[in-house]
2 protein chains.
Amino acid sequence: MSSEESETRKKLLSAAWALMEQRRGKDVRMQDVAKRAKVSRQAVYLHFRNRADLLIATTRHIDQVSDLDGRVASYKAAATGLAAMDLYIAFWGNYLPVIYNMAKALLAEYDTDADAAAAWDDRMRALRSGCQETIERIAGEGKLSANWTIKTAADFFWSLLSVHHWELLTKTCGWSTEAYIATTQATLRATVCKA
Amino acid sequence: MSSEESETRKKLLSAAWALMEQRRGKDVRMQDVAKRAKVSRQAVYLHFRNRADLLIATTRHIDQVSDLDGRVASYKAAATGLAAMDLYIAFWGNYLPVIYNMAKALLAEYDTDADAAAAWDDRMRALRSGCQETIERIAGEGKLSANWTIKTAADFFWSLLSVHHWELLTKTCGWSTEAYIATTQATLRATVCKA
DNA sequence: TGAGTCAATTGACACCGTGTAAAGCGTGGC
DNA sequence: GCCACGCTTTACACGGTGTCAATTGACTCA
């Protein structure tokens with residue numbers, strides 16, 4: 001379970017991540033990653049089929065290092081659907097800053113690379129199914145407002161968690177992560193949930 | 001006020017628009033536009049400095065042809081701030097499908113081209129100032145909920161109108177434009193406004 | 001000690017789309 | 001007959017991705 005991955009591969013993943021952190025995702029080129037990992041440009045292609053492949057692997061790497069699974073787990077233990085919703089929003093709101101730059105880079109590849117698109121869709125599907133579960137739980141407790149179906153509520157919930165929505169409020173409007181979380185929680189309580 | 005623009009330039013703008021409509025914005029190349037306008041690729045560069053310039057001009061062209069000014073005007077005439085908000089959301093919600101493909105193309109250029117970024121920011125600033133005005137009016141009528149400042153309310157209003165938010169709900173989740181408009185109206189009434 | 005293997009290096013190259021440059025061509029005006 | 005203008009044609013530079021082939025250096029195993 002430990003070092004199945006080659007040393008160089010790990011170095012490349014770390015290099016990619018580090019570069020994403022400091023530069024805007026788009027202009028991290030293959031040779032930049034190679035240079036940072038102190039390896040030739042060609043060596044990158046020995047480990048990753050193409051740029052998209054590298055980006056996808058890097059997101060997985062970030063998930064592991066940042067313990068995504070651990071972070072997700074807690075919200076399921078919440079006492080009520082409403083509490084679960086709050087926790088889910090907080091979890092994601094705090095995770096977004098970690099993956100933001102990678103996400104942007106991956107997203108930029110979305111239109112041109114089918115693999116990147118699939119990888120992205122996969123993550124988003126996972127995020128959405130968390131929303132759906134939460135809404136179902138709320139509905140099960142009789143707390144879903146009559147104006148919404150489970151689908152529309154889950155869609156809307158999901159949309160408020162999107163990278164772009166978070167980006168606009170924090171990066172463009174200057175909101176803090178806490179403000180984003182609090183507002184999203186309050187909004188969903190005020191719309192989707194029954195008083 | 002009429003044909004200051006050369007015939008070829010107009011043909012190019014129409015060609016660009018038409019291609020954006022049918023293909024995904026990203027893979028509309030300069031030579032595609034040229035071919036569609038039945039003109040050499042170089043001729044495009046006689047009229048537009050670069051790709052970003054063409055895209056920017058095309059958005060302006062769409063605004064003119066689609067009578068953006070006319071569409072915007074009506075919401076200002078609303079009786080109350082709340083009514084103005086509804087109209088503003090409806091105006092934008094109905095305009096988004098028209099500009100969507102162009103917007104995507106322009107947005108894709110955002111990271112690499114300063115002009116494209118400036119053009120985009122300019123439009124978004126205009127959209128936001130509409131939000132701000134509306135919220136100010138609502139606040140003036142004593143209808144702004146105590147949980148919000150004018151800035152945060154305008155930010156949030158604006159975020160719900162973003163191209164990405166609309167895209168996610170309609171394109172990805174399959175909502176109709178009407179559903180998007182209705183939900184956005186209801187959400188803002190339920191959060192930002194006092195009962 | 002020598003052969004085989006494997007990861008990585010080096011250098012060259014094809015491809016694509018953008019943008020530049022220069023010479024040539026056809027039409028219209030005067 | 002001349003010029004000006006808009007456009008065409010051809011050619012090329014650039015940057016980034018991805019491919020290919022020959023080579024090196026280290027480690028293993030017989």
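Here is how names work: the chains are called A, B, and so on, in the same order as the sequence lines, proteins then strands, and each is numbered from 1. Quick caveat: nothing in here was measured; it's all calculated off a predicted structure.
Within the 4.5 Å cutoff, the side chain of B:Thr59 has no heavy atoms near those of the B:Leu55 side chain. Residues B:Trp175 and A:Thr152 are in side-chain contact: their nearest non-hydrogen atoms beyond the backbone lie under 4.5 Å apart.
Per the geometry, CG belonging to B:Leu46 stands 11 Å off P belonging to C:dT20, to the nearest Å. Atoms CZ (A:Arg9) and P (C:dC6) sit 18 Å apart, rounded to a whole Å. Rounded to an integer number of Å, the gap from CZ of B:Phe48 to C1' of C:dT18 is 16 Å.
Residues satisfying the salt bridge (Lys or Arg N to Asp or Glu O under 4.0 Å) criterion with B:Arg41, sequence neighbours excluded, are absent altogether. Residues meeting the salt bridge (Lys or Arg N to Asp or Glu O under 4.0 Å) test with B:Arg60, sequence neighbours left out: none.
For the helix from C:dT1-D:dA30 to C:dC30-D:dG1, the axis fitted to the five pairs at one end and the axis fitted to the five pairs at the other end meet at an angle of 20° (nearest 10 degrees).
Using cut-offs of 30° and 60° for the angle between ring planes, the B:His164 and A:His164 rings count as parallel.
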Whether each nucleotide of nucleotides 14-23 of chain D has a protein heavy atom under 4.0 Å at its base (B), only at its sugar-phosphate (S) or at neither (-) is summarised, 5' to 3', as --SBBBB---
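Among residues at least two apart or in separate chains, side-chain hydrogen bond (donor to acceptor under 3.5 Å, both in side chains) pairs with a member in residues 78-94 of chain A are A:Asp86-A:Arg189. Listed by first and then second residue, the side-chain hydrogen bond (donor to acceptor under 3.5 Å, both in side chains) pairs involving residues 62-75 of chain B are B:Asp63-B:Tyr95, B:Asp63-B:Arg123, B:Tyr75-B:Glu133 (not counting sequence neighbours).
In this structure, a donor-acceptor pair under 3.5 Å is absent between the side chains of B:Asn50 and B:Tyr45.
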